[in-house]
Every structure is written in structure tokens, then in C-alpha cells.
Amino acid sequence: MSLYKVAIVGRPNVGKSAIFNRICRKQISIVHEREGVTRDRIYSYSYFDQKPFIAIDTAGIDFAKKISLEEEMFFQTQTAIAEADILIQVVDVKVGLTSLDKEVAKNLLKTDKKVILAINKIDIKDKHKKFEFESLGIKDHIEVSAAHNFQIDTLLEKAFEDIEFAEDYPTKISRKTNISIVGRTNVGKSTLINALLNTERSVVSDSKS
């Protein structure tokens, strides 16, 4: 039986990668204030109630951008949404509700999958701001702070609430050999990965940024 997959999605710079790292309990995704640092969908194993699942970090969704690189990043995120069982939309309480947040929520709710809203970067003075996100129409929501590891476990509890694990659901992760493909910028590492996996797994771009 395959493991449940949880995709973490949202517009750029809301803290998706930081939450992903907290869920996985290790530094996997790069966290940076600059937009577009996460381009590919990134997978890692984690555990809930001693049962493994797969967490997926994704690039920030921006429906307005039409540059080829952003289009490929959008494709990677849409692929993660399609294959996930549970979707966590991350929003930034410091910035507040944006039109892009609304578009992302609309896109996720169309999937008819379980959607959880993670209201990130919360603190006492921002508590009142959480109510503006109710207009997104996502019933299940939780205030979190990835920076302070606040309520990340509660977020997972909410995500897996009412999820029934089958009797034959795996309790251990099969360890496999990891292979790294390294090299200087623009030598074709991502193209090689895609060829080996026979799928568009990594974003291919001429950009050096």
C-alpha cells in the first residue's frame, strides 16, 4: 500500500518551505526571503502517530506570471497537488489576505481533496487578523509559526483528522540508496534527472539565479 502524501502549497514567500522543514524535522528545503528559491517539488518522509507519510514542498503559485520558468514551476506545483491526498495551503498573517491567496484557495477547493489552511507567522498581536482568512472558504484552519515551531504537530493532527489508516498501512520506511547528481551551474543536471526518471521531475531553465 502506498503512503499518504501531504502537499504544502501557497503563493510565494508565505513560509511553505519553513513549515515543510518543521514537519520533516530537518533542514531540507532552502528558506530565504527571496521569491522563487523553491522551484521543483521536494519530497521527504515524515511520521504522524508513528506512521510514515510523504511531505511535498512546492514552488509558490502565481497565476499572473507567464515567464517560461514560472510556468514550469507552476506545472511542478500542480503535479504535487494532483498526486497528494491532503493539501495544506499556507498564508502569511503579517501580510494579510491577498487576491492571490484567494486564487490558490479556489484552485485547491476545486480538487475535492481535504484542504487545511495554515495561518503562518502568527503571534499575539496578529491574532485578530486570522479572521479575514475565513473568506477563503477553507473550513479547517490552524494558526502556526514555522519560525517558532508553534502548533506544527497540531497542524498534522488537523491534516490527518478523520483519516483512517488501513490495517496493511506501512509502519516502517524502506531504506533505499540515495544518489546525488552534482555539478556547476547549467551543465544539465536537471535534464539528466528528468531523463533518468522519465518524467518532468525537475525544472529545467537557462537561468543562473
I81 side chain reached by T111 side chain, heavy atoms, under 4.5 Å: yes
Any side-chain heavy-atom pair of E103 and I61 under 4.5 Å: no
Heavy-atom side-chain proximity of N120 to V90 below 4.5 angstrom: yes
Atom NZ of K113: over 12 foreign heavy atoms under 6.0 Å: yes
Pair F53 and F160, ring centroids less than 6.0 Å apart: yes
Same apolar cluster (I L V M F W Y, side chains within < 4.5 Å links), I138/V95: no
Test side-chain contact (heavy atoms from CB on, under 4.5 Å) applied to Q89 and V14, step by step: CA-CA 10 Å; Q89 179 181 353; V14 290; over 6 Å; no
Ionic contact status for R11 with D101, cut-off 4.0 Å: yes
Residue pair K51 / Y169, side-chain heavy-atom distance below 4.5 Å: yes
Exam field: side chain T77 to backbone A59, donor-acceptor pair closer than 3.5 Å: yes
Considering all heavy atoms, the nearest S44-K26 contact: OG-CE, 3.9 Å
Straight-line distance of K129 NZ to E143 CD, nearest 0.5 Å: 14.0 Å
Ionic contact status for R25 with D153, cut-off 4.0 Å: yes
Option from I86, L156, L87, I23 for which side-chain contact (heavy atoms from CB on, under 4.5 Å) with V6 holds: I86
For G137 against L109, the heavy-atom pair lying closest together: O-CD1, 4.0 Å
Pairwise side-chain contact, I116 with L155, heavy-atom cut-off 4.5 Å (strictly under): yes
CD1 on I119 to OG on S145, rounded to 0.5 Å: 13.0 Å
Atom pair NZ (K130) and CD (E132), whose distance is rounded to the nearest 0.5 Å: 12.5 Å
Heavy-atom closest contact (L100 atom, P12 atom, distance): CD2-CD, 4.0 Å
Y47 with I42, same ILVMFWY side-chain cluster at under 4.5 Å: yes
Rounded distance (nearest 0.5 Å) linking atom CD1 of I8 with atom SG of C24: 7.0 Å
Pairing of K94 and D123 as salt bridge, 4.0 angstrom limit: yes
Check: L97 and L136 side chains under 4.5 Å, non-hydrogen atoms: yes
R41 side, atom CZ; E83 side, atom CD - distance, nearest 0.5 Å: 5.5 Å
Rounded distance [0.5 Å steps], NZ in K114 versus NZ in K158: 8.0 Å
Non-hydrogen side-chain atoms of I163 and D85 separated by less than 4.5 Å: no
Over 12 foreign heavy atoms within 6.0 Å of CD, E161: yes
Worked verdict on Y4 versus I54 for side-chain contact (heavy atoms from CB on, under 4.5 Å): CA-CA 6 Å; Y4 282 111; I54 298 173; over 6 Å; no
Closest non-hydrogen atom pair between A80 and I56, with its separation: CB-CG2, 3.8 Å
Test log, rule side-chain contact (heavy atoms from CB on, under 4.5 Å), inputs D92 and N13: CA-CA 8 Å; D92 183 346; N13 276 17; over 6 Å; no
Contact check, side chains of D57 and K16, non-hydrogen atoms, under 4.5 Å: yes
